[in-house]
Protein chains: 2
Amino acid sequence: MAIEFRPSQALKLFHDLAFALVRDGETDLSARQLAVLLTIYLEAPPHTVRGLAAKLGVTKPVITRALDTMGRLGLLSRRRDDSDRRNVVVQRTVKGALYVERLGDMIVEKANGLPS
Amino acid sequence: MAIEFRPSQALKLFHDLAFALVRDGETDLSARQLAVLLTIYLEAPPHTVRGLAAKLGVTKPVITRALDTMGRLGLLSRRRDDSDRRNVVVQRTVKGALYVERLGDMIVEKANGLPS
DNA sequence: GGAATTCGTTTCGGAGGCGTATTGTTTCCC
DNA sequence: GGGAAACAATACGCCTCCGAAACGAATTCC
């Protein structure tokens, strides 16, 4: 239990974050895309389309499209699994890692600015 | 400076939150819509289309559309300003207040589950 | 080896968002 | 009072996403 704060603080943090994401532009990722991206970068590999779809409770085309979009942005890449060539393994990229890292720093920064 | 945590904790919190928003369905609000909604419920009224657009750095139709969508969901309502009938004042609703409250509780809950 | 299964992708029609430009009201200013 | 300005909403063409279904390729099962 490292982090404890009140709902009002949580909401202000979330507000500031959504606000920053909107104002910065660039990042128009949906909640689904963000969930996929963070799952890939925070949870242990390997990540497959099927696994991500099951984990998020969405259909496979949703994952395919999210990977298309974020792949186009360079935030991740795909590779066929050599041991079972039906599978596609999602791979992290340097650009994606930097993006996620920057996101984490941004949240911390907003949290530090919160009133007590 | 009430809240301090590490980027890794911040990211996990954000991941869990995006994850919950996706899995719960219902809420498919974009970052822009969330930013508008939270601004309305966290910052002091009155809120006009023009003011919200300026604050978020987007065009007015973006705000109009966001208000359309969230109004349809019952999360807020609109009313013409009687003192200046060109303005539209955004009003909070009970349903919207409950939604925001639940969102805050959800964030706090996720934060409490964070590893130290 | 051939049928059934699994996996990711693509297709289809539909819904909703985007930015720009325009419209209809209302108010301001002289 | 009449023209200019301010406000929110709408029209337009474009783009992306959605879920359901169909698809091709690879694997598994007898």
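Sequence lines set the chain letters: A, B, ... in the order given, protein chains first and strands last, and positions in each chain run from 1. It should be emphasised that the depicted structure is a prediction, and the values quoted were computed from it without experimental measurement.
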Might you point out which heavy atoms bring A/L38 and A/V100 nearest each other, and give the distance in Å?
CD2-CG1, 4.2 Å
Distance, nearest 0.5 Å, that separates CG of A/L37 from CZ of B/F14
10.0 Å
Can you list everything that forms a salt bridge (charged side-chain N to carboxylate O under 4.0 Å, His left out) with A/R50? Sequence neighbours excluded, please.
none
Check for a donor-acceptor pair, side chain of A/R92 on one end and backbone N or O of A/I40 on the other, with a separation under 3.5 Å.
yes
On a heavy-atom basis, which atom in B/L13 and which in B/A111 lie closest, and how many Å separate them?
CD1-N, 3.6 Å
Closest heavy-atom contact between B/L56 and B/A35?
CD2-CB, 3.6 Å
Classify A/R78 by what it touches in the nucleic acid, base, sugar-phosphate, or nothing, heavy-atom distance under 4.0 Å.
sugar-phosphate
B/R86 meets the side-chain hydrogen bond (donor to acceptor under 3.5 Å, both in side chains) criterion, sequence neighbours left out, with B/D84
Of all residues at least two apart in sequence or in a different chain, which pass the side-chain hydrogen bond (donor to acceptor under 3.5 Å, both in side chains) check with B/D28?
none
So where does chain A start and stop touching DNA chain C, 5' to 3', when the test is distance under 4.0 Å to a non-hydrogen atom?
C/dT6 to C/dT10
Convert the base pairs of DNA chain D into dot-bracket notation, remembering that pairs crossing earlier ones are written with [ ] and that bases paired across to another strand are shown as |; include only Watson-Crick or G-U pairs under 3.5 Å.
||||||||||||||||||||||||||||||
Neighbours of DNA chain D within residues 30-53 of chain A, by heavy-atom distance under 4.0 Å:
A/R32, A/Q33
What salt bridge (Lys or Arg N to Asp or Glu O under 4.0 Å) pairs are there with at least one residue in residues 104-116 of chain B, not counting sequence neighbours?
none
How long is the straight-line distance from CG of B/N87 back to NE2 of B/H47, given to the nearest 0.5 Å?
13.5 Å
What distance do B/S8 atom OG and B/L114 atom CG have between them, rounded to the nearest 0.5 Å?
8.0 Å
Under 3.5 Å, which donor-acceptor pairs link side chains of residues 15-23 of chain B to any protein atom two or more places apart or in another chain?
residue, atom, partner, partner atom, Å
B/H15, NE2, A/T39, OG1, 2.9
B/D16, OD1, B/K12, NZ, 3.4
B/D16, OD2, B/K12, NZ, 3.0
B/R23, NH1, A/K55, O, 2.6

Under a 4.0 Å heavy-atom cut-off, which of residues 79-93 of chain B touch DNA chain D?
B/R80, B/R86, B/N87, B/V88
Start and end of the DNA chain D segment that chain A contacts, any atom under 4.0 Å from a heavy atom:
D/dC17 to D/dT27
Residues of residues 61-70 of chain B with any non-hydrogen atom less than 4.0 angstrom from an atom of DNA chain C: list those, numerically ordered, please.
B/P61, B/V62, B/R65, B/T69
Just by distance, do the side chain of A/R80 and the backbone of A/R85 share a donor-acceptor pair under 3.5 Å?
yes
Atom pairs and distances, side-chain donor-acceptor, residues 67-78 of chain A, under 3.5 Å, sequence neighbours left out:
residue, atom, partner, partner atom, Å
A/D68, OD1, A/R78, NH2, 2.3
A/T69, OG1, A/R65, O, 3.1

For A/A10 and B/V108, which heavy atoms make the closest approach, and how far apart are they?
CB-CG2, 3.9 Å
Rounded distance [0.5 Å steps], CD1 in A/I107 versus CZ in A/R102:
11.5 Å
Nearest 0.5 Å, please: how far is OH in B/Y99 from CG in B/L29?
4.5 Å
